[in-house]
Amino acid sequence: MPELPEVEVVRAGLEPAVTGAVVSSVTVYDERSLRRHDGPSEDFVERLTGRTIRAAVRRGKFLWLPLSPPRSAMPFASGEGQLSPLKTQENSAIAVLNGPNCSNAGESPAFSEGVAGASVAEALVVHLGMSGQVLLRDRTTDDPLTRIRVDIVTSAGRDLRLNFVDQRIFGSMAIDRLVATPDGRAAGRGDDAPLVPSQVAHIARDPLDPAFSDARFFAALAKRRTGIKRALLDQGLVSGIGNIYADESLWAARIHYDQPTESLSRARARVLLAEVRLVLGKALAEGGTSFDAQYVNVNGASGYFSHSLNAYGQQGSACPRCGRPIVRDSFMNRGSHYCAFCQRIRAARAPR
DNA sequence: CGTTGGCCCTGATCGC
DNA sequence: TGCGATCAGGGCCAAC
């Protein structure tokens, strides 16, 4: 169950390896992992092979790797040689630190020439679903349950391999076109370009995104007529939160999972958002310390359970705050773990 | 149109 | 030892 912190660990682990890398071959072992790809697996392989990866970007739980235009479809390069980053990067350390775009003053090279229809900016979109992993390997390593394999040559000339492993096949890969963000801000963490995959455009910014608007979140939340946990899990309202961090944030804010959103005061919503950020940030800090740059180790389970969880999965044990037992309800086809004493549904304060 | 319930998917684990 | 039942839930979409 990778949520924002786990996906960010993947992104950060992939970034130095894939930035400036060229895809040399692609193998699809299970077409079901292409559910989000609009076309057959042959199309996926064809469109990905030979492309150069520009960056590793994340919004919420979605990850994408923007691709440079295919060489055959390269538009007339406007001016400076900004479209020929391939053979010039001899110093991989610099390439990793600076990224390919920093010198381009905000304009995305892949998108700038789209007027004549010569090229549409695209990205490899990855969602890990429930059980997905992207494992960075050498070319001799195979992993069980690998659904898609992407072999790359890094900007430093190293042969590497990305194994997309996914037991339950709720995750997926896809080639998707990039569209402009409505606010013109960077689409996610890892790239300055205001370009988001079309299938991610409806996903809200996450609470760690500098362009996340607290005010708009509170306003949207106040309009909802549902339980607070359902709202937290709605990626169109706020992204990156899954079942584990929802339960942990609600426990920290002492809010019952089914507290009606319309009855939640602005003050308590503020507390909740602050706790969400604390929980996500803490998990991110813990996850970030335990991964090896060589291998993007994102085994969801081991990552989570190394964190100290106060509520999730703790049914039967004592609430760390009051000592009463944590209970588990079945809710929305998932478990909700909470302290029945600390987290009670409260009536809305009567209006003056 | 906003909200909600149901479905997809399978390896690991547990109990008999 | 073997085997069947159970469990995990993110995102999407039909239905209300």
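Below, chains carry the letters A, B, ... as their sequence lines are ordered, and counting in each starts from 1.
- Distance, A:Leu237 CG to B:dG2 C1': 13 Å, rounded to whole Å.
- Mapping A:His337 and A:Arg36 onto DNA chain C by nearest heavy atom places A:His337 closer to the 5' end of the strand.
- A:Arg328 is linked by a side chain to side chain contact (heavy atoms under 4.5 Å, CB included) to A:Gln315, A:His337, counting only residues two or more places apart in sequence or in another chain.
- Heavy-atom nearest nucleotides on DNA chain C were determined for A:His127 and for A:Gln167, and the one closer to the 5' end corresponds to A:Gln167.
- In the hydrophobic clustering of ILVMFWY residues, with side-chain heavy atoms under 4.5 Å counting as a link, A:Leu237 and A:Val271 come out apart.
- Relative to the six-membered ring of A:Phe218, A:Arg270 meets both conditions, a distance below 6.0 Å and an angle of at most 45° to the axis.
- Checked for salt-bridge contact, A:Asp209 and A:Arg185 miss the test: no charged N lies under 4.0 Å from a carboxylate O.
- Chain A approaches DNA chain C within less than 4.0 angstrom (heavy atoms of the protein), and the contacting nucleotides run 5' to 3' from C:dA8 to C:dC12.
- Figure legend: A:Arg47 and A:Phe44 shown without cation-pi pairing, the cationic atom not lying both under 6.0 angstrom from the six-membered ring centre and within 45 degrees of its axis.
- Here the closest heavy-atom approach between residue A:Asn310 and residue A:Pro320 is recorded as OD1-CG, 3.4 Å.
- Pairing each heavy atom of A:Val23 with each of A:Val26, the nearest pair is CG1-CG2, 3.6 Å.
- More than 12 heavy atoms of other shown residues, nucleotides or ligands fall within 6.0 angstrom of atom CG in A:Asp214.
- Between A:Arg346 and A:Arg254 the shortest side-chain heavy-atom distance falls below 4.5 Å.
- Between the side chains of A:Asp143 and A:Thr146, no donor-acceptor pair is found at a separation under 3.5 Å.
- Taken residue by residue, residues 219-236 of chain A places heavy atoms nearer than 4.0 Å to DNA chain B at A:Lys223, A:Arg224, A:Arg225, A:Thr226, A:Arg230.
- Remark: nothing in residues 258-266 of chain A comes within less than 4.0 Å of DNA chain C through any heavy atom.
- Residue A:Gly171 is out of contact with every strand shown, counting any heavy-atom pair closer than 4.0 Å.
- Summary for the helix from B:dG2-C:dC16 to B:dC16-C:dG2: the axes at its two ends, each from 5 pairs, differ by 40° when rounded to the nearest 10 degrees.
- In this structure, a donor-acceptor pair under 3.5 Å is absent between the side chains of A:Ser336 and A:Asp329.
- A search for side chain to side chain contact (heavy atoms under 4.5 Å, CB included) contacts involving A:Arg216 returns A:Ser213, not counting sequence neighbours.
- Contact of the A:Leu280 side chain with the A:Glu8 side chain is not registered, since no non-hydrogen atoms from C-beta on lie closer than 4.5 Å.
- In this structure, A:Met332 places its CE atom 9 Å from P of B:dT4, rounding to the nearest Å.
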